[in-house]
Amino acid sequence: MEVLDYDILVLGSGIAGLTSAIHASKLLGGSGKIAIISKLHLMRSHSIAAEGGISGVLYPSENGDTFDLHAYDTIKGSDYLADQDAVESLVASAPKEIRFFEHLGVPWSREPDGKITSRAFGGMSMKRTAFAADKTGFFMMRALYDTVLGLSNVERFHEHFATSLFVKNNKFIGLTCVDLATGAVKLFKGKTCIIATGGYSRTYGFTTTSHSATGDGTALAWEAGLPLKDMEFVQFHPTALVPNGILITEAARGEGGLLKNADDERFMQRYAPSVMELAPRDIVSRAIMTEISEGRGITQEGSGIEHVYLDLTQLGEEKLDEKLPMIKEMTIKSLGLDPSKEKIPVRPATHFTMGGIHTDIEGRVFSHDRKNRIENLWAAGECGCVSIHGANRLGSNSLSECAVWGRATGMAAAKYARVHEHGYSIGAKAMAALEEKRLERLTDRGKGNDPYAIRERLQSLMEEHMFVFRSKAGMEKARVGIARLKLQAKDVRIVDKGKVFNTNLRDALEIKNLLDLAAVSVKCAIERHESRGAHSRTDYKSRDDKRWLKHTIARKSRTGIDISYLPVVITKWQPKPREY
Amino acid sequence: MDKQVYELRGRQSNLSRLVHFDKEAYIHMLFYRALIILSVVAGAVFFASYFFNLSTAVFRAFFMIIWVLFIPQVFESAKGMSVIATRGFVFGHLNKSYRSTAEKYLKPRAAPLFKAFPYAVLAAWLAGLVLLVLTWFI
Amino acid sequence: MRETIRNAPLYAAMIGVPVLMMAELLSSLFYPPASAILVPLIIIGLFVFGFSAMREVYPKHAISIGTPYYFNGITKTTVEKKEPSVMKKNAKEVKLKLVRFNPSSKRMEANIYTIAVDRFTTVLDALLHIKEKEDSTLSMRYSCRMGICGSCGVVVNGKPCLACETNVLNSTGLSGIEVSPMHGNPLLKDLVNDFDDFFRRHIAVKPQLFREDKVAQYVADAEYPQTQKQVEAFLPYSYCIMCGLCLDACPVVNTNPDFIGPQALSQAQRYLADSRDQLGTERIKLVDSMEGIWGCEFAGSCSKVCPKGVDPATAIQLLKSEAVDRAIKYK
């Protein structure tokens, strides 16, 4: 087995991963080596699909916007579950990060005088979302990737699928990967590791995310015994294109798009009269699902999916070309309809997972005992949960989070790597050998269950019972169903016996990860007896700050899933009823 | 274990792949490759005509072959100039949304002229061919 | 700017020979004595053109990267299942011929599947359906399914395109639809191409924003001013999603893998045209070679297949004209 040794391992190559690698590389200089490991090509991570923009108060003196206002919007949007110290640090660093990306080459849309333009976004009381047309994530990813190419101390490992994470005595010691191109198992040892593998929205079938958003890093952490936080909160984006779930950015509404039901009525006036379409995503999603369930939806011919309309016709062709070119291109290519002439069919789809690996404000991961931290392991971006999004993320805050915590974790890891020697890691090789054997046995097995059938069943369970509205009975059904699927997944069949680019094996491993995370998510959701943000229950309809203003911490135990709670950090803003 | 990759590039026959999606480029490439060899041959033949008594038919035949083979080259060269002069706003395949927003900044006013230019050059070149046939054979 | 100067005769001959031939034709009609000068000039022009273009099209190291190539004809065709497996409601039956590369036999193989599709089904949906329901050994790359990650470049009915953006029904002819891997990038397995070579090309043009003030670049206190017009100057070239389709379409890369290819050159233009970049003429020197801009024969097929409208062909012609400009200016 090939053993590779690095100062910093960055697992995942989205915006958070690449940002952390760049800053770590800068700080380490010539004195250390960094490896970026991705299961895709580095520049194809799901961050590339981010459309609308990145939030940050760029010119505070000019339009009356302040950091406090941004923080307040974020906290109100999160239904007061966000940790307020973390939110304050986010809003303070975000503008700098936007400028940093500008320096790497992102073509931000500009004002005539050369300043960066902002646009309105849901839940934001001011225009504070910087954007590059509707391909913001794409441009950021390309700028980051290109910058990484110029760094001599960063090595890139394309298409290496991580299969296990080794944590011993509260220290990270290494991880194993399958090199997809050759099928070889490799052991990566590292002084430090940053997990930046993104969310697990693919536990649902109808989702705006890539096929690759399977939360592998989060699942590996879970497998290694690390606690996860707020796993019940899954964001549903109100406007995903029907029937394929492609994201229609919130910026479409920010630029003036209207939501309409079958009667051609702007139904948002009944749900959020003051901000209408620009309410936070959880509120709009619930509104759309209510419209559909009350019979004011439209059934799409061909797919049979019920939806409402997003009307962009009044924006005009010129504005669409300038501000939303990708939306136009995609609706024309996938549905054959031109958004400047016709209304487009949309409905809510899974978009973001607020929960993730339990970290402190610096992104450092907590260990199994929930008190100590693992000193050389960080999590950044969607896979971690610093908790700035709380129960519901505001649009365009995710890119800021990736950039801010990408930088923070990269710097912290580099500082750690500079002063620490390579630790004790004799155990790693033995564990990796066991892992290699396990994968071999998995591939060699002649018969068993079809992994794709398991995934299909999981996705339909999650969609049926864990979607926008949740009930106790439904979630129990999901819990039982997932437990059964987990048993089946212990005995999967890999048809592809080859070594070269065995995607069948990769899929089977991904599906196991999805099942683990779905089980935790469902368990946490059952336990939370209230409706808060994206977690909306039909049996507990209101928010209950007395009992439930706290984070859910889930960890692996001998009997299954062990749930405990952690108070929310509150600095300036006391919880108030959330009205728009 | 090293990665094993397999190379299908490096053969002139790969040009035929263009037939399925870009016939214009296929003709361009084919004529260009023929022209390279035949231009040297024709150069040699013309040069030889100073020392040996070649029939005018041979001279004319080669002159005409070169003329025909130059058709796509003449057109594409003129097109290339138009593309450079207009930054791809004529004959380019720039992103559609980009085109409609950047037009006001970058599209030169003479764009229609540049659009017509390659066709004019091509017409002149074809007219020359007709003239050639007329003067030599009638 | 050495190659720019070395290539000047070729480009002069490419324009000069037709002009001279036209002049010769006209002179034979109106002023025959002129032939005495024109014919020698044409002869010289033809020689210059022929010999210098030969260098471009038949280079010395025609095949220098990767392992030797293999016969790419299809050796085995299997017809799978006569019964269509139903994917969607209101479905239509379609015959899908899947050409795949078998790494153990090093041969292309073809299977024919009958699948049922609806009006929304993309080629990627169809391939995923085959992978999940009929043959799990099939390998291909895919991720975002919305045409932005650039994973799923394949060849459909002979035309390079993204599988996720190609509608099955719209691309089905009388004989069905054919999906095969790209030939313009080395093959790995089934529909999967190896991209290491592609990435090497991209890195070769130094695709980063170069600034003299390295510290200020990272501290990022204020933005570099740039007007919307300056943004538009490089914007289309920055749309590149690195899918590799332009290399697959490029006849020059297909016949001479030494040519760096349209993707890398379009990225050179992207950074050259960016008003924030300070590498300047150095950038042109990186691509000023036969393997760089001067290898391009302006077939234009790269731009025809580019799914994002990057228009590499235009980018390369702009680079050429810029190279000539600077060669004259800084001689």
Side-chain angles (χ1 to χ4, degrees), chain B residues 3-12 14-15 17-22 24-26 28-29 32-33 35-44 46-47 63 66-67 70 73-74 76-77 79-80 83-84 87-88 91-99 101-102 105-106 124-125 128 131-132 135, chain C residues 14-15 17-18 21-22 25 28-29 39 42-43 46-47 49-51 53-54 57 62-63 65-70 72 101 103 106 157-159 183-184 186-188 194 229 232-233 235-236 239 249 251 253-257 297-301 303-306 308-309 311 314 317-318 321:
Chain B
K3 206 188 301 195
Q4 292 251 304
V5 298
Y6 302 92
E7 190 73 73
L8 295 176
R9 299 176 290 194
R11 285 169 298 166
Q12 297 294 330
N14 278 346
L15 289 182
R17 296 188 56 218
L18 286 170
V19 175
H20 300 289
F21 63 95
D22 196 348
E24 188 189 328
Y26 181 57
H28 176 187
M29 290 293 112
Y32 190 51
R33 275 153 176 73
L35 181 63
I36 292 166
I37 295 165
L38 281 174
S39 67
V40 176
V41 175
F46 295 165
F47 191 62
F63 202 84
I66 298 294
W67 197 289
F70 253 114
Q73 300 316 311
V74 166
E76 300 291 333
S77 305
K79 224 166 105 175
V83 164
I84 291 171
R87 297 189 67 91
F91 295 111
H93 294 82
L94 289 166
N95 185 295
K96 282 201 187 89
S97 297
Y98 166 78
R99 281 178 75 104
T101 49
Y105 297 109
L106 295 169
W125 191 246
L131 202 63
L132 203 73
T135 51
Chain C
M14 206 188 274
I15 296 161
V17 171
M21 285 173 77
M22 195 61 122
L25 170 64
S28 70
L29 288 176
V39 172
I42 291 176
I43 294 170
L46 285 173
F47 280 138
F49 176 80
F51 286 116
M54 227 175 259
V57 174
I63 307 150
I65 43 175
T67 44
Y69 54 83
Y70 293 83
N72 78 352
F101 176 74
K106 295 162 189 134
N157 297 337
K159 186 183 180 189
H183 288 41
L187 285 162
L188 208 53
D194 182 57
K229 186 181 173 182
E232 307 284 0
L235 196 61
Y239 287 165
V253 172
N254 268 282
T255 52
N256 167 25
E297 296 174 36
F298 194 48
S301 44
S303 294
K304 273 213 177 120
V305 301
C306 178
K308 298 286 114 182
D311 204 351
T314 297
Q317 308 325 306
L318 290 174
S321 81

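Per chain, numbering begins at 1; letters A, B, ... match sequence-line order.
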Side-chain heavy-atom pair C/Pro236, C/Lys308 within 4.5 angstrom cut-off: no

4.5 Å side-chain heavy-atom contact, B/Met29 and C/Asn254: no

Structural part of B/Leu132 lying under 4.5 Å from a heavy atom of chain C: both

For chain B, the option from C/Gly50, C/Pro103, C/Ala299 that forms the most heavy-atom pairs under 4.5 Å: C/Ala299

Most contacts with chain B, counted as non-hydrogen pairs under 4.5 angstrom, among C/Asp194, C/Ile15, C/Val305, C/Val39: C/Asp194

Contact class of C/Val253 relative to chain B, heavy atoms under 4.5 angstrom: both

Salt bridge present between B/Lys79 and B/Glu24 (N-O < 4.0 angstrom): yes

C/Tyr239 versus chain B, the contacting section by heavy-atom distance below 4.5 Å: side chain

Heavy-atom proximity to chain C below 4.5 Å, by part of B/Phe91: neither

Within-4.5 Å side-chain heavy-atom neighbours: C/Asn157 and B/His20: no

B/Ile66 portion near chain C, given a 4.5 angstrom heavy-atom threshold: both

B/Leu18, part contacting chain C, at a heavy-atom distance under 4.5 Å: side chain

Leading residue by heavy atom contact count with chain C [cutoff under 4.5 Å; candidates B/Arg17, B/Lys96, B/Arg87]: B/Arg17

Partners passing side-chain contact (heavy atoms from CB on, under 4.5 Å) against C/Pro18 (at least two apart in sequence or in another chain): B/Phe70, B/Val74, B/Trp125

Side-chain heavy atoms of C/Leu29 within contact of B/Leu131, under 4.5 Å: yes

Contact class of B/Arg99 relative to chain C, heavy atoms under 4.5 angstrom: neither

Side-chain heavy atoms of C/Leu46 within contact of B/Phe47, under 4.5 Å: no

Top contributor to chain B interface from C/Leu188, C/Ile42, C/Leu187 [non-hydrogen pairs under 4.5 Å]: C/Leu187

All side-chain contact (heavy atoms from CB on, under 4.5 Å) counterparts of C/Thr314, not counting sequence neighbours: B/Val83, C/Tyr237, C/Asp311, C/Leu318

Leading residue by heavy atom contact count with chain B [cutoff under 4.5 Å; candidates C/Ser321, C/Ser28, C/Gly184, C/Cys306]: C/Gly184

